[in-house]
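Both backbone and side-chain heavy atoms feed into the values below; hydrogens, waters and symmetry mates do not.
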Amino acid sequence: MMGHGTHVAYTAAGVEVKDVSYYGLAAVTAKGGSPGSRLAIYQVFPSQNGSHGSTVLAAFDDAIADGVDVLSLSFGSSSFLEQEFINDPIALGAFPSVQNGITVVCSAGNDGPNPGSVVNSAPWILTVAASTIDRVFESDVVLGNNKVIKGTGINFANIQNSPVYPIIYAKSAKKSGVDENATRNCEPNSMDQEIIKGKIVVCDNEDSLYPQINKQDEVKKLGGIGVILIDDELRGVAFNFGTFPMTLISSKDGAKVLSYINSTKNPVATILPTTAPANYKPAPTIAYFSSGGPSTIPKNILKPDIAAPGVNILAAWIGNDTVQTLKGKDPPLYNVFSGTSMACPHVSGIAAAVKSRNPTWSPSAIRSAIMTTAVQTNNMKAPITTEKGTAATPYDFGAGEVITTGPLQPGLVYETTAIDYLNFLCYHGYNIATIKIMANTIPDGFTCPEESSIDLISNINYPSIAISNFDEKAGRRVNRTLTNVAGNVKMEDAKTVYNISIDAPAGLDVQVVPDKLHFSKFDEKLSYQVNFSAANPLKKDVFGSITWSNGKYKVRNTFAISSKSGSVALDKK
């Protein structure tokens, strides 16, 4: 998509600019996540038709040679085409990058809400899901009975605000011999022009292969005045309909509109032009399109790692665009887009800010700081949900929603070492010959551990815990090591005691040994052990967390346990 690179680059590191908007909508002072950072942009998509793996790998090589600190990749394969690491150019290029001290941040994919659809899930990659923000682009419907129905979408409609336009359900305009399902979904060549002309048309968006733009075009071609599209998922994203009056509403509100149409002799309505109210609640929620876990390549790593704003994001845009330009207006300098592509650079910017504050930190320390300080509640102080209102889980948001200041000094970090990553490749099933192809350097004498089972992946020093095929009778023991990163400025901050708190679901017993960690100096490393067990089989995947706190810092390690009997995990291997 033309402009995609400009949009995500600004989100990561754009300078502060006052009074920006998309044609007056969402007027704000904008800036990127790390406005003091310098940008190097590597073109890996010479056209909109995709890229070659060799081009991606060449970009990684260039970035390593240039000495960059953070790489932000707002692209990836479809979950249906996900490859093993040895065949995946992103995983292959990211591995030596991390070995060279570069934090690699990638989008999780847009194949949600299907479980197991997350991509870019190698443990050396920081994988980002998409969430909503507290601003919506609202285009409401006013019915003839003066009821107002909340809708979403971007339109600059120039029609009356009073409900004076006839409104019809598309199904009522069915052409002879056409399938009713096609007509109610406003599919091409399914509706009678004489019935549609001059009316606002209510369209379903269920079991239809045609995107909303086709429905808009069809109604417009037939002389319709506007479109009200019923869709519970898509309504979370503000699609751009230009000057055509179109909005998306929920199925619950759709039933109200259809009830009004069916009970009124001459039903009328109007679609209001878009406004962009702020302080919307609840926020964040997890975007319907955001790819989720459990990860299948690999297993026993909780992915995505983190969630960040990725819905209706305003950022800089190319100045010569004609597609997104309103008739009679200059091309927009800022534009609104959604996707995990937009979420990724939010985290990249924060990673750059953390690196700037802590220049000696490794990529794994930066990732740990971002993950373990994330929040799992929304602006109503309630647990984060999906856009449909159902409870979100770590399969949706990983460690939680990223915050901006906490990662700068988390107190403790989980450092995933080079040996951890090499052992991971062994546990995943690769032999030394394959590992040497993937790794930039391997320590002299390194060999795969004699015991190299996939279950041992859970034991690498990652800032979250995932266990698949959990055996309740045998239980599972997992080890973690924390590094004290407080006290490099004030020595007294280094000497501290952290206490454990455990948030475990019913039916799962979680024990942590020891239950206190006594740190006496900066950069000290202390380990602990987590024992998971259950008296009865788990009926579904369960989630919880282990939090270390000293009164000043809180460091949370989120876990996901997938039982042999109740797992939702999918196997793509």
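In this structure, the side chains of Y427 and K299 stay at 4.5 Å or more apart for every pair of heavy atoms. The shortest distance between side-chain heavy atoms of I435 and L422 falls below 4.5 Å. Considering only heavy atoms from C-beta on, S501 stays 4.5 Å or farther from K554 through its side chain. Within the 4.5 Å cutoff, the side chain of V497 has no heavy atoms near those of the N550 side chain. A 4.5 Å side-chain heavy-atom check between D232 and Y288 finds every atom pair outside the cut-off. Side chains of I465 and N557 form a contact here, defined as non-hydrogen atoms less than 4.5 Å apart. Proximity of V413 to T372: side-chain heavy atoms (C-beta onward) are nowhere separated by under 4.5 Å. Side chains of L302 and S295 form no contact here, defined as non-hydrogen atoms less than 4.5 Å apart.
Without hydrogens or angle criteria, N358 side chain to W361 main chain gives no donor-acceptor distance under 3.5 Å. For the pair N114 (side chain) and S117 (backbone), a donor-acceptor distance under 3.5 Å is absent. Between the S356 side chain and the A352 main chain, no donor and acceptor come within less than 3.5 Å of each other. T377 places no side-chain N or O within 3.5 Å of a backbone atom of A382 that could act as its donor or acceptor partner. Between the side chain of K355 and the backbone N or O of P359 there is at least one donor-acceptor pair closer than 3.5 Å. A donor-acceptor pair is defined here as one N or O able to donate and one able to accept, closer than 3.5 Å; such a pair exists between the side chain of S97 and the backbone of G93. Between the side chain of S291 and the main chain of D111, a donor-acceptor pair closer than 3.5 Å is present. Under a 3.5 Å cut-off, the side chain of S364 and the backbone N or O of T416 do form a donor-acceptor pair.
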Working for side-chain hydrogen bond (donor to acceptor under 3.5 Å, both in side chains), residues S341 and H4: CA-CA 8 Å; S341 282; H4 181 275; 3.0 Å; yes
Side chain to side chain contact (heavy atoms under 4.5 Å, CB included) between I86 and I437, intermediate numbers included: CA-CA 8 Å; I86 189 62; I437 295 172; 3.9 Å; yes
Salt bridge (Lys or Arg N to Asp or Glu O under 4.0 Å) between E387 and R235, intermediate numbers included: CA-CA 9 Å; E387 280 192 277; R235 66 181 294 272; over 6 Å; no
Working for side chain to side chain contact (heavy atoms under 4.5 Å, CB included), residues V237 and F289: CA-CA 9 Å; V237 173; F289 58 77; 3.7 Å; yes
Evaluation steps, side chain to side chain contact (heavy atoms under 4.5 Å, CB included), between V485 and L412: CA-CA 5 Å; V485 292; L412 303 172; 5.7 Å; no
Audit row: V105, L71, side chain to side chain contact (heavy atoms under 4.5 Å, CB included) steps and yes/no: CA-CA 6 Å; V105 187; L71 273 169; over 6 Å; no
T340 and N110: CA distance, side-chain angles, deciding distance, side-chain hydrogen bond (donor to acceptor under 3.5 Å, both in side chains) verdict: CA-CA 6 Å; T340 54; N110 297 327; 2.8 Å; yes
Trace of the side-chain hydrogen bond (donor to acceptor under 3.5 Å, both in side chains) decision for K525 with T483: CA-CA 4 Å; K525 300 180 187 297; T483 301; 2.9 Å; yes
Please output the side-chain donor-acceptor pairs of residues 396-406 that fall under 3.5 Å, not counting sequence neighbours, one pair per line with the distance.
{"unit_1": "D396", "atom_1": "OD2", "unit_2": "T393", "atom_2": "N", "d": "2.8"}
{"unit_1": "E401", "atom_1": "OE1", "unit_2": "S131", "atom_2": "OG", "d": "2.8"}
{"unit_1": "E401", "atom_1": "OE2", "unit_2": "S131", "atom_2": "OG", "d": "3.1"}

Would you tabulate the side-chain donor-acceptor contacts of residues 343-351 under 3.5 Å, counting partners in other chains and residues two or more places apart, or write 'none'?
{"unit_1": "H346", "atom_1": "ND1", "unit_2": "P309", "atom_2": "O", "d": "3.1"}
{"unit_1": "H346", "atom_1": "ND1", "unit_2": "M342", "atom_2": "O", "d": "2.8"}
{"unit_1": "S348", "atom_1": "OG", "unit_2": "S72", "atom_2": "OG", "d": "2.7"}
{"unit_1": "S348", "atom_1": "OG", "unit_2": "C344", "atom_2": "O", "d": "3.1"}

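In the model, T558 has a side-chain atom that pairs as donor or acceptor with a side-chain atom of Q376 under 3.5 Å. Checking N300 against Y462 by side-chain atom types alone, no donor-acceptor pair falls below 3.5 Å. Between the side chains of E415 and S362, at least one donor N or O lies within less than 3.5 Å of an accepting N or O. Side-chain contact, K281 with N379: no donor N or O sits under 3.5 Å from an acceptor N or O. A side-chain donor-acceptor contact under 3.5 Å links E524 and S520.
Within the model, atoms OG1 of T132 and CG of N378 stand 9.0 Å from one another, a figure rounded to the nearest 0.5 Å. Expressed to the nearest 0.5 Å, how far OG1 of T11 lies from CD1 of I313 amounts to 7.0 Å. Distance check: N459 CG to R480 CZ gives 6.5 Å after rounding to the nearest 0.5 Å. The distance from atom CG of D134 to atom CG of N312, rounded to the nearest 0.5 Å, is 11.5 Å. Between the CD1 atom of I125 and the CG atom of L73 there is a distance of 7.5 Å, given to the nearest 0.5 Å. With rounding to the nearest 0.5 Å, the separation of CD1 in I301 from OG in S121 is 9.0 Å.
For the pair K521 and D523, the salt-bridge criterion is not met [side-chain N within less than 4.0 Å of a carboxylate O].
F45 and F75 have their aromatic ring centers within a separation under 6.0 angstrom. Taking the six-membered ring for Trp and the full ring otherwise, F60 and Y42 have centroids separated by 6.0 Å or more. Checked against the 6.0 Å centroid threshold, Y553 and W548 do not count as a close aromatic pair.
When each of Y421, F95, W124 is paired with F85, the ring-ring contact (aromatic ring centres under 6.0 Å, His included) condition holds for W124 and for no other. Residue Y528 forms a side-chain contact (heavy atoms from CB on, under 4.5 Å) with just one option from N479, D515, L482, V478, and that option is L482.
A pairwise comparison of heavy atoms in L538 and S563 identifies O-OG, 3.5 Å as the closest pair.
Below 30°, between 30° and 60°, or above 60°: for H428 and Y430 the angle between ring planes is above 60°, a perpendicular geometry.
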